[in-house]
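Some notes on the structure that comes next.
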Amino acid sequence: MKNGDISKESFWEPSLLASMRKAALQIWNNPEIGTKEHYALRCYGDLLEKEGFSVVSGVGDLDTALIASWGKGGPVIGFLGEYDALPGLSQEVKACRSPLREGEAGHGCGHNLLGAASFGAAVRVKRFLEKEGLPGRVRFYGCPAEENNGGKVFMAREGVFEDLSAALTWHPWYANALFGSRSLALNAFYCNFHGRTAHAAASPEEGRSALDAAILMDVGVNYLREHIVSEARVHSVITRGGETPNVVPGEASICYYVRAPRRKQVEEIYRRVLQCARGAALMTDTTMEIDFIDGLYDYLPNRVLGGRMMEHFRYRGAPEFDEKDLLFARELQQTLHEGALEKTLQEHELSREELTDPLCRKVLDRAGVFSEGRLLSGSTDVGDVSHLVPTAQITTCCMPLGVPLHSWQSTASFGSSIGLRGMETAAFVLGDTGMELFRDPSILEAAREEFVNNPDRGIYKSPLPEDARPVAR
């Protein structure tokens, strides 16, 4: 199916766009952190049931996970949606720090938009299949807890993605581009040390300091850094270490993120970090246990699917912003620290000539760290899906250039018309790509061939321990 065969109007009823906008704003106004997204679950469940989808919730040990399915036979195309918020990022749609509800969560990563666009694309493709009488199945995956638990990893452990022909998704950002880079695999975990309290002055010999163990573990890990691959990242923070210096701490916890370009590298570094923990426990005569939070695979972008998404993206064009959007974007940029814009342009290999406005109004052929062949310094649970089925994703402009994700400025953007316009563009591209895949199965065959022959893909084994369960943190 050629791009020109899909008119910009004929496949998108105003009522569907209105439903997307309403869902995005309702979820933005009712932010929920990972594993607690009950409002979002009801919102999408009700909308999809009204559209004739069969809805199942509570998959993958996640009460707030959802799979909505429609159709029979043919290929199976999945649209991945997210809807969890971040703690402490409540913010009004204003260009100054102004929490909507002091100290509460906010959508600083734009998942209110992410889920709404994927929902709209899934419904549009379903209506397309109905109208054309084509065989095939379309699914919307409501994937909770991306930020704090890697919800897709728990869903993958249950096998819910394995029969997909392709998975399509996107992410809000400040540029319109293909998400063509790799990401880092990850293990996130707490090491909890248990010692014995005592009076630190009167009887220190009776104490066994759990805090000493956590500190010694971190010293060992710091020496380990010299002997791991240069692209690896190990971050840590002591989250519990006692209340007063006059009491030997009997309990201490240190949280680690271990990242590396490949899953096997993470597993080897993780093994050695645990050796540091055991050694620290021996040195301090304490005991230790691991509380595993999250394990993610690296993201494998599918070039065939990504190429088709970009063809539709170029045809559709970038989001169309008005003067009010541009004014709000400039106001938000003025709140950034000095040099933020230049640093962002440099990191993503962009120039002022390419991005003359505070909002990206072009579809870019490349976008720095998201460019094909690059390695993204972050991690995503979409990586696990990409090791199971051919997967592709894009980014669209939903916030001003230079605004960081996970900030009050991004929360303000994602609740504004800027975010909504970027969301609509993403829905168009995802939906148009899905329709083409059903019309032309040869694209899916080519995507599958690339997936099967990818030398970086092996047999998927869940990175989660067998007893791992999602926990709100």
Side-chain angles (χ1 to χ4, degrees), residues 3 6 8 11-13 16-25 27-28 40 44 47 77-83 107 109-126 128 138-143 146 166-180 299 301-302 305-321 325 359-364 367 370 380 382 385 391-400 403 405 410 413-437:
N3 294 334
I6 306 174
K8 289 193 176 183
F11 290 105
W12 288 93
E13 295 91 340
L16 178 54
L17 294 176
S19 293
M20 288 164 45
R21 295 187 196 106
K22 184 177 180 181
L25 291 177
I27 291 170
W28 186 88
Y44 286 122
L47 286 169
I77 307 298
F79 296 93
L80 310 181
E82 299 168 16
Y83 33 70
H107 276 283
C109 208
H111 293 179
N112 62 307
L113 305 173
L114 201 167
S118 294
F119 150 74
V123 171
R124 183 53 261 155
V125 173
K126 175 258 185 183
F128 166 78
V138 58
R139 290 197 192 127
F140 171 84
Y141 288 87
C143 306
E146 189 274 338
L168 304 177
T169 190
W170 75 293
H171 204 285
W173 197 41
Y174 51 70
N176 305 297
L178 176 70
F179 194 140
Y299 173 59
N302 188 277
L305 293 179
R308 295 314 307 153
M309 289 184 81
M310 287 305 294
E311 282 296 312
H312 288 288
F313 206 166
R314 294 185 189 98
Y315 174 73
R316 284 284 173 183
E320 296 179 0
F321 300 107
D325 297 325
L359 297 170
C360 183
R361 296 199 279 182
K362 298 178 181 178
V363 178
L364 304 175
F370 284 119
T380 170
V382 177
V385 181
T391 304
Q393 54 185 331
I394 57 167
T395 68
T396 72
C397 179
C398 296
M399 63 183 185
V403 166
L405 289 170
S410 62
S413 297
F414 299 145
S416 74
S417 57
I418 295 172
L420 294 177
R421 295 182 201 277
M423 173 200 72
E424 290 171 3
T425 296
F428 286 142
V429 176
L430 292 173
D432 292 352
T433 306
M435 288 186 277
E436 183 183 31
L437 296 180

* Asked: With a 4.5 Å heavy-atom cut-off, do W170 and L113 have their side chains touching?
  -> yes
* Search all heavy atoms of V382 against all heavy atoms of L80 and return the closest pair with its distance. => CG1-CD1, 4.5 Å
* Structure fact -> When every non-hydrogen atom of A318 is compared with those of V363, the smallest separation belongs to N-CG2, 3.7 Å
* Asked: Do any N or O atoms from the side chain of T395 and from the backbone of F179 form a donor-acceptor pair under 3.5 angstrom?
  -> no
* Asked: Heavy atoms, side chains only, cut-off 4.5 Å: are M309 and D432 in contact?
  -> no
* Can you check side-chain contact (heavy atoms from CB on, under 4.5 Å) on T433 and I77, steps first, answer last? -> CA-CA 10 Å; T433 306; I77 307 298; over 6 Å; no
* Structure fact -> One should read off an interatomic distance between C143 SG and F79 CZ, to the nearest 0.5 angstrom, of 13.0 Å
* Do Y141 and V385 have side chains that get closer than 4.5 Å, going by heavy atoms? -> no
* To do: Give a yes or no on whether the backbone of G415 and the side-chain of H107 come within a donor-acceptor separation of less than 3.5 Å.
  => no
* F313 and T425: side-chain contact (heavy atoms from CB on, under 4.5 Å), yes or no, with the steps? -> CA-CA 8 Å; F313 206 166; T425 296; 3.7 Å; yes
* Looking only at heavy atoms, what is the nearest atom pair of S410 and V403, with distance? -> N-CG1, 3.6 Å
* **Inter-residue atom distance T380.OG1 - Y299.OH, 0.5 Å rounding** => 8.5 Å
* Side-chain contact, heavy-atom cut-off 4.5 Å: V123 with M20? -> no
* Structure fact -> Interatomic distance, CD@E311 vs CZ@R308, rounded to 0.5 Å, equals 5.0 Å
* Asked: In Å, rounded to the nearest 0.5 Å, how long is the span from CG of L16 to CZ of R21?
  -> 9.5 Å
* Structure fact -> Shortest non-hydrogen pair, A40 vs I27, comes out as CB-CD1, 4.0 Å
* Shortest non-hydrogen contact from L430 toward A121 -> CB-CB, 3.7 Å
* T396 side-chain N/O to G422 backbone N/O, donor-acceptor pair under 3.5 Å -> yes
* When rounded to the nearest 0.5 angstrom, what is the spacing between CZ in R361 and CZ in R421? -> 11.0 Å
* Asked: So, do F140 and S118 sit near enough that their side-chain heavy atoms are less than 4.5 Å apart?
  -> yes
* Structure fact -> Sorted by chain and number, sequence neighbours left out, side-chain contact (heavy atoms from CB on, under 4.5 Å) with A23 holds for C43, Y44, L47
* State, with a plain yes or no, whether a side-chain heavy atom of S413 is found less than 4.5 Å away from one of Y174. => no
* **Test item: N112 side-chain N/O and F414 main-chain N/O as donor-acceptor pair under 3.5 Å** => yes
* Structure fact -> In short, A116 meets A24 closest at the heavy-atom pair CB-CB, 3.9 Å
* Asked: Heavy-atom distance under 4.5 Å between the side chains of F119 and S19, does that happen here?
  -> yes
* CA sep, side-chain torsions, deciding dist, call: L359, D325, side-chain contact (heavy atoms from CB on, under 4.5 Å) -> CA-CA 8 Å; L359 297 170; D325 297 325; 4.0 Å; yes
* Distance, nearest 0.5 Å, that separates CD1 of I394 from CZ of F370 -> 12.0 Å
* CA sep, side-chain torsions, deciding dist, call: L305, L437, side-chain contact (heavy atoms from CB on, under 4.5 Å) -> CA-CA 9 Å; L305 293 179; L437 296 180; 4.0 Å; yes
* Beyond-backbone contact of L114 with H171, side-chain heavy atoms, under 4.5 angstrom -> yes
* Could you tell me whether a side-chain N or O of N176 sits under 3.5 Å from a main-chain N or O of P319, the two making a donor and an acceptor? => no
